[in-house]
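Below: the structure, in structure tokens.
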Amino acid sequence: MAKKGRIAGGTALVLLLVVGLVAYWAWNKVTGPAASFEEDSKVLYIPRGADFDQVVDSLAQIGAIQDETAFRWLCEQKKYTAKVKPGRYRISNGTSMNALVNMLRSGEQEPVRVTFSSIKRLPELAGKLGRVLEPDSLDFLKVLMDADAQRKAGYDAETFIASFIPNTYEFWWTTTPEQFIERMGKEHATFWNAERMAKAKALKLSAVEVATLASIVQAETVKRSDAPKIAGVYLNRLRIGMPLQADPTLKFALGLDSISRVLHKDMEVVSPYNTYQNTGLPPGPINMPETSMIDAVLNAEKHDYLYFCARADLSGYSDFAKGYDQHLVNARKYQRALNERGILR
């Protein structure tokens, strides 16, 4: 009996050891490093509608899992197989299988930083968004150009571009065009705080009208130090009912943003954006003005200038004049400089 007891005890010890080794192996599989990259990390994209098998294939392709069987077993235990969440996930080298499943199950995405500035048209914005977010540029363009979406946001085709405030934002990769517009509406409301609205009211302009004027100022100069003074010129013209006579609005009307020189024949174009023929502001912005240009209008210099012209040294700065005679002198110097450099258009 004693011998049998020793055999039984030995067998139990062996079984316990085997169970322990299996448990240790399983624990090491689950908690030990699983992702193996040459890089510090890799990004996993899970598109909308992807199923569990697609996730496994994608993970295997980038080297995020070494043991597919163990990974599938763990996902089943954690009930992830039927709850795939789309998104953009950053997986660090050495991430354990357990940590990986927890991240995917919780939908712990890494946001995408999106910067847009110097945007001239909505299709350009759609293209930029389509390159970094899941919906493609055509998806974004369809919604951005949709009259109902514009109206719902409180704008129309001419003014909708004023609803977007250029900056750097963080979005989920899965952000839809509708969600993008909704987020931009909130950012617009934050930017146009009580202080800025009070300044616009003092100028007798709405937020859209300020953005419209800011877009013209932005197109007029590359020198930010000149922007408040140029804004002051246009505000002076608006106050006395003088046409803005802004060359950038002619370029916009003609669809010729790239030209360097506006000709007299260009001033004959029939368009609500022709500020030589029409008084007041055009129907909407001619580009997406930067925040610095909006603030340049809101904090425009107070002066008596009614005219300005690019300097003849082509430095990007402008010369200002109170009277038309002095303006003609400045303008002829600039035109002569263009002629000497062969800039005819």
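Reckoned from all heavy atoms, side chains included, excluding hydrogens, waters and symmetry mates. All figures in this text were calculated on a predicted structure; none of them were measured in a lab.
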Considering non-hydrogen atoms only, spot the tightest contact between Leu298 and Ala200 and give its length. CD2-N, 3.7 Å
So for atom NZ, which belongs to Lys223, do other residues, nucleotides or ligands contribute more than 12 heavy atoms lying within a distance under 6.0 Å? yes
Ile286 backbone acceptor or donor facing Arg121 side chain under 3.5 Å: yes
Please check if the number of heavy atoms outside Glu38 that lie under 6.0 Å from its CD is greater than 12. no
Would you give the length of the straight line joining atom OG of Ser206 to atom CH2 of Trp192, rounded to the nearest 0.5 angstrom? 8.0 Å
For the side chain to side chain donor-acceptor pair (under 3.5 Å) test, which of Gln326, His327, Lys333 pairs with Asn330? Gln326
Hits for side chain to side chain donor-acceptor pair (under 3.5 Å) against Arg224, two or more places apart or cross-chain, chain-then-number order -> none
Minimum heavy-atom distance Leu141-Ala126, with the two atoms named: N-CB, 3.7 Å
Ring pair (Phe, Tyr, Trp, His ring centres under 6.0 Å) against Tyr89, all qualifying residues, sequence neighbours excluded: none
If a pair satisfies side-chain hydrogen bond (donor to acceptor under 3.5 Å, both in side chains) and one of its residues is in residues 128-147, list it, with sequence neighbours excluded. none
Counterpart residues, side-chain contact (heavy atoms from CB on, under 4.5 Å), relative to Val222 (two or more places apart): none
Separation of Thr279 OG1 from Leu238 CG (nearest 0.5 Å): 9.0 Å
Could you tell me the separation between the CD1 atom of Ile119 and the OG atom of Ser215, rounded to the nearest 0.5 Å? 14.0 Å
With rounding to the nearest 0.5 Å, note down the distance linking CG in Leu100 to OH in Tyr80. 8.0 Å
Over 60° means perpendicular and under 30° means parallel, so classify the ring planes of Phe52 and Phe71, tilted if in between. parallel
Determine which pairs satisfy salt bridge (charged side-chain N to carboxylate O under 4.0 Å, His left out) with at least one residue from residues 286-310, sequence neighbours left out, and list them in order. Arg196-Asp295
No-hydrogen, no-angle side-chain donor-acceptor test under 3.5 Å, Lys78 and Asn102: yes
Using 0.5 Å steps for rounding, measure from the CG atom of Leu104 to the SG atom of Cys75. 7.5 Å
Closer than 3.5 angstrom, by distance alone: can the side chain of Gln150 be matched with the main-chain N or O of Leu144 as a donor-acceptor pair? yes
Considering residues, nucleotides and ligands other than Glu108, do more than 12 of their heavy atoms fall under 6.0 Å from its CD? no
Does Arg237 use its side chain to pair, donor to acceptor, with the backbone of Val233 at less than 3.5 Å? no
Quick one: CZ on Phe160 to CG on Leu125, what's the gap to the nearest 0.5 Å? 9.0 Å
Could you pull out the closest heavy-atom pair between Phe140 and Gly130, with the gap in Å? CD1-N, 4.0 Å
Could you list the residues that satisfy side chain to side chain donor-acceptor pair (under 3.5 Å) with Gln77, not counting sequence neighbours? none
Lys/Arg-Asp/Glu bridge criterion (N-O < 4.0 Å) met for Glu340, Arg336: no
Just checking, is any N or O donor in the side chain of Ser96 or Asn98 under 3.5 Å from an acceptor N or O on the other one? no
So for atom CG, which belongs to Asp40, do other residues, nucleotides or ligands contribute more than 12 heavy atoms lying within a distance under 6.0 Å? no
Tightest non-hydrogen contact, residues Val84 and Asp51, listed as CG2-C, 4.0 Å
Any chance you could lay out the side-chain contact (heavy atoms from CB on, under 4.5 Å) test for Ile216 and Ile230, step after step, and finish with the verdict? CA-CA 10 Å; Ile216 296 173; Ile230 291 174; over 6 Å; no
According to a 4.5 Å side-chain heavy-atom criterion applied to Ile, Leu, Val, Met, Phe, Trp and Tyr, with indirect links allowed, do Tyr155 and Ile161 form part of one hydrophobic cluster? yes
Only counting residues at least two apart or in another chain, list the ones meeting side chain to side chain donor-acceptor pair (under 3.5 Å) with Ser92. none
Remaining members of Leu328's ILVMFWY cluster at a side-chain heavy-atom cut-off under 4.5 Å? Ile240, Met242, Leu306, Tyr307, Tyr324
For the residue pair Asn299 and Pro228, what are the closest heavy atoms and their distance? O-CB, 4.1 Å
Met197 and Leu203: same hydrophobic cluster, using ILVMFWY side-chain contacts below 4.5 Å? yes
Backbone N or O of Leu250 within a donor-acceptor pair of the Asn274 side chain at under 3.5 Å? no
Using side-chain contact (heavy atoms from CB on, under 4.5 Å), reason through Arg48 and Thr176 one step at a time and then give a plain yes or no. CA-CA 11 Å; Arg48 291 178 185 276; Thr176 65; 3.7 Å; yes
Strictly below 4.0 Å, N to O, side chains only: are Arg72 and Glu76 in salt-bridge contact? no
Would you list the pairs meeting side-chain hydrogen bond (donor to acceptor under 3.5 Å, both in side chains) in which at least one residue belongs to residues 240-249, sequence neighbours left out? Asp247-Tyr276, Thr249-Thr275
Would you check if the side chain of Gln109 reaches a backbone N or O of Arg88 as a donor-acceptor pair within less than 3.5 Å? yes
Please say yes or no: joined through hydrophobic side-chain contacts below 4.5 Å, possibly via intermediate residues, are Ile46 and Trp172 part of one cluster? no
Which residues pass the ring pair (Phe, Tyr, Trp, His ring centres under 6.0 Å) test with Phe171, sequence neighbours left out? Phe180
In chain order, what residues pass the ring pair (Phe, Tyr, Trp, His ring centres under 6.0 Å) check against Tyr317, with sequence neighbours excluded? none
Closest non-hydrogen atoms of Ala231 and Ala300, given as atom of the first, atom of the second and distance, are CB-CB, 3.8 Å
What residue pairs, at least two apart or across chains, pass salt bridge (charged side-chain N to carboxylate O under 4.0 Å, His left out) with a residue in residues 147-158? Asp148-Arg151
Think Lys229 forms a cation-pi with Phe308, using NZ or CZ under 6.0 Å from the six-ring centre and within 45 degrees of its axis? no
With no hydrogens and no angle check, just 3.5 Å: does a side-chain donor-acceptor pair link Gln335 and Asn339? no
Using a cut-off of 6.0 Å, state whether more than 12 heavy atoms not belonging to Arg113 lie near its atom CZ. no
